[in-house]
Amino acid sequence: MEEKKVTPKYILFLQVFSISIIWVLFISVNFWIINLISLSRYLQDTQNATLVISIIILPLFGLLAGVLTYVFVGLRKTRIRD
Amino acid sequence: MENLRNDPDYTLYRPILESDRRFYWMIGFLSVVILWALVMYIRQLVYGLEVTGLNNTVTWGFYIINFVFFIGISHAGTLISAILRLSQAEWRRPITRMAEVITAIVLMIGGLHPIIDLGRPDRVLNVFLYGRLQSPLLWDVTAIGLYFTASTVYLYVPMIPDIALLRDKTNTKLKWLYTFLSWGYEGTERQKHILERAITILMVAVIPIAVSVHTVISYIFSMTLQSGWHSTIFGPYFVTGAIFSGTATLLVVMIAFRKLFHLENYLKKIHFQYMGILLLVFSLFWTYFTFSEFLTGIYGNEPKEMSVIHYKLTGPYAPYFWTMVICNFIIPVVILSFKKLKTIPGILFASIAVIIGMWLERLTIIVPSLSSPRLPIISEPYFPSMTEWSLFAGGVAAFCLLFLIFAKIFPIISIWEIKEGREEGLNEAKERLDSYLPDTIISEEEAT
């Protein structure tokens, strides 16, 4: 029978921390883009272009954060040991 | 560990488990070069940009040339790897990891260059606080930020099965890191399915992101009305040049690691020949774009445009321009078109020529246009200073150092993909081949 291995607590902490960092990055990019949009509105400066670029950028960052979370959570949930 | 020695792919684990003196000598030498570059950069911070060769007219020099050059090389990786994976090219297996690592590392180095180019690097924060998306410079920041994130994720996710192998089979000091990064991967069918799905999403997403990055970089130039820059084909021209220089860099890295880590059994002549064909095709594409770019300029005969063209073809930048043509067209086409010359040393020579040629291409795009200003001011010649050369050497050394460190921690060739290729690749390829070929026509007599 295979020896049962348990993931150490600090590894679990690092893993949860890294998922949080990914989402903090995504939220920061959102805030930054919102800042750029409000600045362009305030200056009445290429508002449409700003919106179009934001519409492209934000879902892509969201997709990357989503894929990583899907992989991390999926792998941890489907492991046999622990 | 003894079991691991009997593994048919032990060669791929060896760089992680064993180190010879050469490795530490290289790390030491590269660290010294980087330290020297750091000292020169601190000197630049103290004295300002006067320590560079930049002047009133040529305000973008070595740093921006290197920025475009390094970001261009980054296309080696993710783009080539994603396209090869998507097209299910079986020969990709030992190549993709190296390509992906190149991307992540050169993006880090390339992305630093615009900050180095700032006399006051602290002002980079203004981009985030008061940036305006009206400016192509900000498009660059967002595009490179997105590309770096995407390519790092795209490097990491396919690496998880290998990290799990290292966690289970090795007993190094980095076991905790492998446990952390492998996320409990055990190779179950469900886990494989999760990874496959994630890799498919990433490779589809990463191709347009990679293409957009170098298009956006070309916009820094083509969105201005500067002679020699204001061109509609700059987007595809830059993307082609980027893949061209990226392929050459990948070939050099493949040959170097093949020699250094004795990977002759994995990186075979056929891999270099296929990559050589890619290099040849992009050499021809690049020549076509360069020709188109010059033909439209010369035909239009606009005085300012012609002044830049003369600078390049017959003026002070002619030696760089014609060396670029020799390196990017004549050498690769001659070497890669003839079977006798298309050996591994030949391909290495052609690849190094292309890397030099592509660097000169960035130089001949940026400097001659700035040396020929629209305003009636006398342009001073641009000569890069010791500081700029040192920082360039530092950038190259940082690339080599980070690559070596990566190879010391993670397998430089994807072990699980090689195993999968052995176990399933043959059957998959046969199934695919059967699906392409027309069905055997059975005559009516035979059918009855």
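We name chains A, B, ... by the order of the sequence lines, and we start the count at 1 in each one. Fair warning: this is a prediction, and the values are worked out from it, not measured in the lab.
- Remark: B:Thr149 OG1 to A:Leu60 CG distance equals 10.5 Å, nearest 0.5 Å.
- Taking a 6.0 Å sphere around OH of A:Tyr10, one finds it holds more than 12 heavy atoms contributed by other residues, nucleotides or ligands.
- A:Leu68 contributes atom CG, which lies 9.0 Å from atom CH2 of B:Trp183 (distance to the nearest 0.5 angstrom).
- When the shell of 6.0 Å around CG of A:Asn48 is examined, it contains 12 or fewer heavy atoms from other residues, nucleotides or ligands.
- If you measure heavy-atom distances from B:Ser212 to chain A, you find no contacts under 4.5 Å at all.
- Under a 3.5 Å cut-off, the side chain of A:Gln15 and the backbone N or O of B:Phe180 do form a donor-acceptor pair.
- Annotation: A:Lys77, atom NZ; neighbour count of heavy atoms from other residues, nucleotides and ligands within 6.0 Å does not exceed 12.
- Judged purely by atom type and a 3.5 angstrom limit, A:Asp45 has no side-chain atom pairing as donor or acceptor with the backbone of B:Gln134.
- Looking at B:Leu195, the atoms closer than 4.5 Å to chain A (heavy atoms on both sides) all sit in the side chain, from C-beta outward.
- Residue A:Leu39 touches chain B through its side chain alone, counting heavy-atom pairs closer than 4.5 Å.
- Only the side chain of B:Ala205 comes within contact range of chain A, judged by heavy atoms closer than 4.5 Å.
- For B:Tyr156, the part sitting under 4.5 Å from any heavy atom of chain A is the side chain, from C-beta outward, and nothing else.
- For the set B:Ile209, B:Leu181, B:Leu138, B:Val157, the entry with the most heavy-atom pairs within less than 4.5 Å of chain A is B:Leu138.
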Task: A:Leu36/B:Arg132 under side chain to side chain contact (heavy atoms under 4.5 Å, CB included): CA gap, chis, key distance, verdict - done: CA-CA 6 Å; A:Leu36 292 177; B:Arg132 293 164 68 198; over 6 Å; no
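- Counting heavy-atom neighbours within 6.0 Å of A:Tyr70 OH, excluding the residue itself, gives a total above 12.
- Using a 4.5 Å cut-off between heavy atoms, B:Leu129 touches chain A through its backbone atoms (N, CA, C, O) alone.
- In terms of heavy atoms, B:Ala198 sits closest to A:Val71 at CB-CG2, 3.3 Å.
- Between chain B and the residues A:Leu64, A:Ile22, A:Ile37, the largest count of heavy-atom pairs under 4.5 Å involves A:Leu64.
- Between the side chain of A:Trp32 and the backbone N or O of B:Phe128 there is at least one donor-acceptor pair closer than 3.5 Å.
- Minimum interatomic distance between B:Gln191 and A:Leu75 (heavy atoms only, all atoms of both residues): NE2-O, 3.1 Å.
- Of all heavy-atom pairs spanning B:Gly145 and A:Phe61, the tightest one is C-CZ, 4.1 Å.
- The parts of A:Thr50 that come within reach of chain B are both its backbone and its side chain, each placing non-hydrogen atoms under 4.5 angstrom from that chain.
- Heavy atoms of A:Leu63 lying under 4.5 Å from chain B belong exclusively to its side chain.
- Neither the backbone nor the side chain of A:Ile56 comes within contact range of chain B; no heavy atom of the residue lies under 4.5 Å from a heavy atom of that chain.
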